[in-house]
Amino acid sequence: MSINSILHSAISGLSASQAGMQTVSTNIANVGTVGYARQTVSQSASVTGGAVNGVVVGEPSRVADKFLETAVYQRAGSAGAAEATANYLDRLQALLGAPSAESGLSSRLSAISSSISEVTGLQGSPEAVALFTGNIQDSIDTLNGLRDDVANLQGDVDSEVADTVTRANELLKKIHGLNAEVARLQGQGMGTSGPADERMNALQELSGLIAVSVREQPDGRVTIDTASGQVLLDRRLRQLSYADSGIAGAQSSYSTIDIRFAGDDGVSGASTGTRIESASVGGKLGGLLDMRDRVLPGFSEQLGQVFTGLAQTLNAVSNAGTTVPAPQVLNGQANGLIGSDRIGFTGKATFAVVSADGTLVAKTTVDFDALGSAATVDDAVAAINAGLGAAGSASFSNGVLSIGAASSANGIAIAQDTASPSDRAGVGFSQFFGLNNLVRSETSALVPSGFIAGDATGFSAGQTSQVMLRGANGSILASQTLTAAAGDTWGDMVNQLNSGDLAAYGTFALDDKGRIAFTPKAGSTGATISVPADNTTRYGTSLSFSALSGLTGAASGLSTAQVPADFLNNTARVPLALLQADAAVGDKAIGAGDIRNANAFVDALLATADFGKDGKATVVQFANRLLGNVGAQASLAQTTADNTSARLTDATTRRDSYSGVNIDEELAHMVVLQNSYSAAARVITTASKMYDALLDMV
């Protein structure tokens, strides 16, 4: 080997040691930098003419394992979804308060039972009666307060959806730019560590927002797909487009998140034809969509169910009773019927006019079976008027029934026949028309409709209702717009539902109470129905398809519910007495101090109520079950969040253990490089002396 070759080899060794020490210095300087992957310098022998004459030093390269990085991305998506769910369920649970709190829903509902028990124990004390009606109103206020709180929470979730979409777009734009930089550097044979590290950090943050699949391409770029298969980034940038309504609170439906092509500057262009519309997207965004579209609306609907059960339970007893003295006029509320509608009642009800001291002035018992199946509401009104004669009269106007005594000194009382009580859809005549309701609502009849397939819908031609079906994960499975036509019946409406887009997921049918029930198919278990848009009204009675069909608890009438002011302000107006239906004219039909109906309130609140698709339970049991479910979900969500966070930490630790900087290793490597540098320097010194010796010889 010539002296020149020795010198060249030593100089290349010196350069290699310098490059290695520079890389080690960079690694040590970034020991605390999050997401930094340590660098290493590649070295290879320099061969010329078959002989090794030094070392070739390459560009510094990242030390990274793509499989470990992929594991971090996958677990970040799970952790993001779990954290979002746990956070909002915890907030929902906080809104409900402690189970033992006096202001909580369970306590307010239990207070109704306790106060009516006090009424019976204190023989109708006005103070106890006032406490009873006040507790009912407090329970309604609590339900409405929770409904409003959940609506606000739903609005917060939607705002965070918009913020998450904005941040995801920023990260996609950033990754797209880093892709171009990595590809440029790799194409020029230069090191890509800086932009590649920055891209990895951006990918990890993005994967926490949206569950993604990341694939590395030969030119150094990465492509990104969502967990459900939509392309977010390849060689062309895409951006998410979400039309945030800007409305605070809950909405019946929200716009989908459209995926659009975008320029390098991030400005969105044409739609790709794909969109994000359910929690299947995963990540924080998926968790938020699940809360907004499934969990919180489901809870609101259950609150409506609690109210419906409470109102029907109280009104059933209230309408079976009367007061002393009886009110001169009983005014009902709209239930969707008009005078020409089929009355649809079986059994009997007694209508009586009584004096202020409870003496029976006149009475009539209407046998609805005897009226015939073709009898109308007008026929029933005529039968009441014929039976009461000059002592009292009934009228039916704008869908509201009123019955009054002719003399201001008398009052009206109604009683069910003990052997054959009047019945339509499981409720009596007085309750069906809301004549003596303890709980009223302007937007709901508070009773099942009792319609059968042959009854006219009563909607004007062209009026529409949108019925939407969401899957168990909150995704929209199908949506169908029902359009009313002249002469439509409820059977036609059910047939329209069963022949449209929703029919692929289940069947619709009228139950024995006139409610439209949805039975999902095996593959659609857990699917829920909502009515996000409805402009129908039955014969101008202000009651819509959603209010009459019973498809959703969102139309329960809770928002406008209240105990009427005359019940709250006048304890004597609460019907604690019962009409003696078999009393003869001139005899006492209502006794002073009669509080037998107070016992009926106690019994009714302890009995089970029909919650439709949610089964039967007492009102308190149903409410406790609802609140308990929220607590269980919140606890499970927190456990899941803790587990997914631990798994993410483990994956991150494994990745960083492989690619991160270890000070001890770097310092040991530095010692080796320093020794190599010294050895190369000594070779150069020796070669220099050899040159000097050669020159001296010459």
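On a predicted model such as this, the values are computed, not experimentally measured, just so you know. Quick note: residue numbers are just sequence positions, from 1.
The minimum heavy-atom distance linking Ser441 with Thr560 is given by the pair OG-OG1, 2.9 Å. Here the closest heavy-atom approach between residue Glu442 and residue Ser542 is recorded as O-OG, 4.3 Å. For the residue pair Thr537 and Gln463, the shortest heavy atom distance occurs at N-OE1, 3.2 Å. Across every non-hydrogen atom of Asp378 and Ser340, the tightest pair is OD2-N, 4.0 Å. In plain terms, the two heavy atoms of Gly347 and Asp369 that are nearest each other are N-OD2, 3.1 Å. The two residues Ser110 and Val620 come nearest to each other via the heavy atoms OG-CG1, 4.1 Å.
No side-chain heavy atom of Met291 sits less than 4.5 Å from a side-chain heavy atom of Leu288. At a threshold of 4.5 Å between non-hydrogen side-chain atoms, the residues Ile343 and Thr376 do not count as touching. Side-chain contact between Tyr254 and Val157 is absent, with no heavy atoms from C-beta onward closer than 4.5 Å. In this structure the side chain of Asp488 never reaches within 4.5 angstrom of the side chain of Phe459, judged on heavy atoms. Here the side chains of Arg108 and Asn135 are in contact, with some heavy-atom distance below 4.5 Å. Here the side chains of Phe518 and Leu497 are not in contact, with every heavy-atom distance at 4.5 Å or above. Residues Leu551 and Phe508 form a side-chain contact, since some pair of their non-hydrogen atoms from C-beta on lies under 4.5 Å apart. A heavy-atom distance below 4.5 Å is found between the side chains of Phe368 and Leu371.
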Pair Ile210-Leu240, side chain to side chain contact (heavy atoms under 4.5 Å, CB included): steps then yes or no: CA-CA 11 Å; Ile210 302 173; Leu240 308 180; 3.8 Å; yes

Please evaluate residues Leu92 and Val150 with respect to the criterion side chain to side chain contact (heavy atoms under 4.5 Å, CB included), reporting the C-alpha separation (whole Å), side-chain torsions for both, the decisive distance (0.1 Å), and the verdict. CA-CA 7 Å; Leu92 176 59; Val150 172; 3.8 Å; yes

Evaluate the side chain to side chain contact (heavy atoms under 4.5 Å, CB included) criterion for residues Thr552 and Glu301: first the C-alpha distance (whole Å), next the side-chain angles of each, then the deciding distance (0.1 Å), finally the verdict. CA-CA 7 Å; Thr552 169; Glu301 178 164 334; 3.3 Å; yes

Audit row: Leu105, Leu627, side chain to side chain contact (heavy atoms under 4.5 Å, CB included) steps and yes/no: CA-CA 9 Å; Leu105 179 58; Leu627 302 183; 4.3 Å; yes

Step-by-step side-chain hydrogen bond (donor to acceptor under 3.5 Å, both in side chains) determination, Ser106 to Asn624: CA-CA 6 Å; Ser106 293; Asn624 287 339; 2.5 Å; yes

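Figure legend: cation-pi geometry between Arg275 and Tyr242 absent, as NZ or CZ is not positioned both under 6.0 Å from the six-membered ring centre and within 45° of its axis.
For Gln466 and Ser479, the side-chain atoms include at least one donor-acceptor pair closer than 3.5 Å. For the 3.5 Å distance criterion, the side chains of Ser556 and Gln305 fail to qualify, holding no donor opposite an acceptor. No donor-acceptor contact under 3.5 angstrom links the side chains of Thr536 and Ser544, judged on distance only. Residues Ser271 and Asp258 bring a donor and an acceptor atom of their side chains to less than 3.5 Å of each other. Residues Asp158 and Gln154 bring no donor and acceptor atom of their side chains to less than 3.5 Å of each other. Looking only at atom types and distance, the side chain of Thr481 has no donor-acceptor partner in the side chain of Thr464 under 3.5 Å away. Side-chain polar atoms of Asp642 and Gln638 form a donor-acceptor pair below 3.5 angstrom. For the residue pair Ser213 / Asp225, no side-chain donor-acceptor distance below 3.5 Å is found, with atom types taken as modelled.
If you take CG on Asp149 and CG on Leu95, they are separated by 5.0 Å, rounding to the nearest 0.5 Å. Here the straight-line distance linking atom CD1 of Ile136 with atom CG of Leu438 works out to 4.0 Å at 0.5 Å rounding. Interatomic distance, CH2 of Trp490 versus OG of Ser449, reported as 6.0 Å (0.5 Å rounding). Rounded to the nearest 0.5 angstrom, Asp423 CG and Gln431 CD are separated by 10.0 Å. Note that the CG atom of Leu626 and the CG atom of Leu303 stand 6.0 Å from one another [nearest 0.5 Å]. Taking CG from Leu109 and CG from Asp138, the interatomic distance works out to 11.0 Å, rounded to the nearest 0.5 Å.
The backbone N or O of Asp148 sits less than 3.5 Å from a side-chain atom of Asn152, completing a donor-acceptor pair. Asp290 contributes no side-chain N or O that, together with a main-chain N or O of Val295, makes up a donor-acceptor pair within less than 3.5 Å. Listed for the Gln496 side chain is a donor-acceptor partner under 3.5 Å among the backbone atoms of Thr483. Put simply, the side chain of Arg538 gets close to the backbone of Thr457: a donor and an acceptor are under 3.5 Å apart. Checked by atom type and distance alone, the side chain of Asp501 never pairs as donor or acceptor with a backbone atom of Ala478 at under 3.5 Å. With Ser465 contributing its side chain and Phe545 its backbone, the two residues share no donor-acceptor pair below 3.5 Å. Panel note: side chain Ser159, backbone Gly155; a donor-acceptor pair is recorded below 3.5 Å. Ser318 places no side-chain N or O within 3.5 Å of a backbone atom of Leu314 that could act as its donor or acceptor partner. Counting only distance, with no hydrogens or angles, the side chain of Gln137 and the backbone of Val563 share a donor-acceptor pair below 3.5 Å. Within the 3.5 Å criterion, the main-chain N or O of Phe429 finds a donor-acceptor partner in the side chain of Ser422.
Every side-chain hydrogen bond (donor to acceptor under 3.5 Å, both in side chains) that Asp455 has, sequence neighbours left out, goes to Arg342.
Crowding of Asn398 atom CG: a count of heavy atoms from other residues, nucleotides or ligands under 6.0 Å not exceeding 12. For Arg647, the CZ atom is loosely surrounded, since the number of other residues' heavy atoms within 6.0 Å does not exceed 12.
Salt-bridge annotation for Lys284 and Glu160: present, with a side-chain N of the basic residue lying under 4.0 Å from a carboxylate O of the acidic one.
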